[in-house]
Amino acid sequence: MTNNLSNYVAGREAVLDRVRHLLRDTMKLRLEPAAIDPDAPLFGTGLGMDSVDAVELVVQLDAMFGLQLSGSPFVSSNMRTVNTIVDAIMELADEP
Amino acid sequence: MSLEDEYRFVRHSAAISRMDHVCCVRIEGEDATEAVDAICSGDLWVRDGRMRQTLFLDESGQPTADVYVCPDDDSCILLFEGMTVEQLRNSMSRYADPALDTQMVDVRATHELISLHGPYAWEVMSRWLTPDIIGLPYLSFYHFDQGTCFRAGKTGEYGYDLAVRKEHADGAWKDLLELVSAVGGGELSLETLDLCALENGFFSVRHGSVEGLTPLELQLQWRVSARKRFPGADTIDARRAEGMRRRLTYFVARDGVRAGDEVCSQDGEVGRVRSAVLSPGVGGIAGTALLDISVAHPGIDAFWARHEDAKHSIRTVSSPLIFNRSLLVDPHRHTYETRDESFDPPLWLGAPP
């Protein structure tokens, strides 16, 4: 594995791990972090969250990662699965 | 009708389809819920009138059917794909306590199944059935004089599955098709339905072989109970204990990738393509691959799919792949007639494959 790829995977796994723990500890998902599949839908089916949970989750993500996700285009396009949240965090963290 | 036409119906207006690939039974009797609970992998905490997605697994933990469970008073309606009614009957005989009081009724003997999908499917349903239908939450159902309406679907768009009594079915199909046509839509094949399900990350028994796979590799752990025993639970426990080795991962490619291709990195094989279809929304191939867990992540463009001497670059991506129009359509404010898509983002938000 190239350095670039192994660094990317390590960075992604670190963010994924933090989001999974946040979902379990703060959003009260009754699943162990490893059992939260990265592509599981957040709402409706899947992890079973609702619109109230969505607002709370954005607030918690802002606090955890020091980002300003609330009010950004992030919410409509990225609040769909754990992986899409991780995509957005990594993208926003890369911005100057 | 071409696949592109059908795709446009689902993604931009409304589409209607016969659900010949879906079985529907009603489990009746005092112990109906207990019997269903014994054979499905998920927890059945769901109120009357709501639906839950779960799976039937075999002893090796491999999915045999994709299932909606719908508790309904003292009975349970099951909508399922991947297994016949007879196979379900055998499975219940094998795994549910024979002392339980249950009877199985094949709903398809008396009803036809029809489905509607699309960002304006709600408009069709509100004209055909009742305007109140737009308030029906996702994964809930509603009985009406001609049958039952299930607010479901696996395309990421507004979706309705209808079980219509046979004496009304021809009339219902004709009226619905007329209403669908009035919003620029039309009939939909199973092939396009499966493509849309794949683009939105829905599991399908038709998206490639599940040989040797369990809900762990398929990213379906949310459909598996941690509290009860069910067929395949021992295998899943054992696989969890030894650690997951592969995970289903979505990818896009420009062209040429086929199911069964090896996925390679510069270090060698890292997985295998499970499904690959041409996606008009993505503008290339959308697919899934079983990748080594160490690299089973989106955002990697260092791999290629290999078939004999041909190599095609792939990029792993997050699911869902499509930014559904239904996310932008509010039934309380919008109609097909007054729609304006000029400011809508593209269906695929990523870089061209």
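Everything numeric here is computed off the predicted structure, so don't read it as measured data. Every chain is numbered from 1 and lettered A, B, ... according to where its sequence line falls, protein lines coming before strand lines.
- Interface summary for chain B: among A:T45, A:V86, A:T81, the most heavy-atom pairs under 4.5 angstrom belong to A:T45.
- In terms of non-hydrogen atom pairs under 4.5 Å with chain B, the most contact-rich of A:G46, A:G48, A:A40, A:A34 is A:G46.
- Checking B:D301, B:D267, B:I300 one by one against A:L5, the side chain to side chain contact (heavy atoms under 4.5 Å, CB included) holds for a single residue, B:I300.
- The two atoms that bring A:R80 and B:F323 nearest to each other are NH1-CA, 3.8 Å, heavy atoms only.
- Across every non-hydrogen atom of B:P320 and A:T84, the tightest pair is CD-CG2, 4.4 Å.
- The interface of residues 219-227 of chain B with chain A, defined by heavy-atom distances below 4.5 Å, comprises B:Q219, B:L220, B:Q221, B:W222, B:R227.
- For B:N324, the parts lying near chain A are the backbone and the side chain together; criterion is any non-hydrogen pair under 4.5 Å.
- Both the backbone and the side chain of B:S319 come within contact range of chain A, each with at least one heavy atom under 4.5 Å from a heavy atom of that chain.
- Residue contact with chain A, scored on non-hydrogen atoms closer than 4.5 Å, involves the backbone of B:I322 exclusively.
- B:F303 touches chain A through its side chain: at least one heavy atom from C-beta onward sits under 4.5 Å away, while N, CA, C and O do not.
- With a threshold of 4.5 angstrom between heavy atoms, A:L16 approaches chain B through side-chain atoms but not through N, CA, C or O.
- Checked against salt bridge (Lys or Arg N to Asp or Glu O under 4.0 Å), B:D234 has the following partners two or more places apart in sequence or in another chain: B:R229.
- A:P38 has its side chain out of reach of B:H297: every pair of non-hydrogen atoms, C-beta onward, lies at least 4.5 Å apart.
- Most heavy-atom pairs under 4.5 Å with chain A: of the set B:G299, B:S265, B:A302, this distinction falls to B:G299.
- Options B:P215, B:P298, B:A296, B:G268 differ in how many heavy-atom pairs under 4.5 Å they form with chain A, and the most are formed by B:P298.
- Closest approach of A:D87 to B:S318, counting heavy atoms only: OD2-OG, 2.6 Å.
- Here A:D39 contributes atom CG and B:R247 contributes atom CZ; the two are 8.0 Å apart, rounded to the nearest 0.5 Å.
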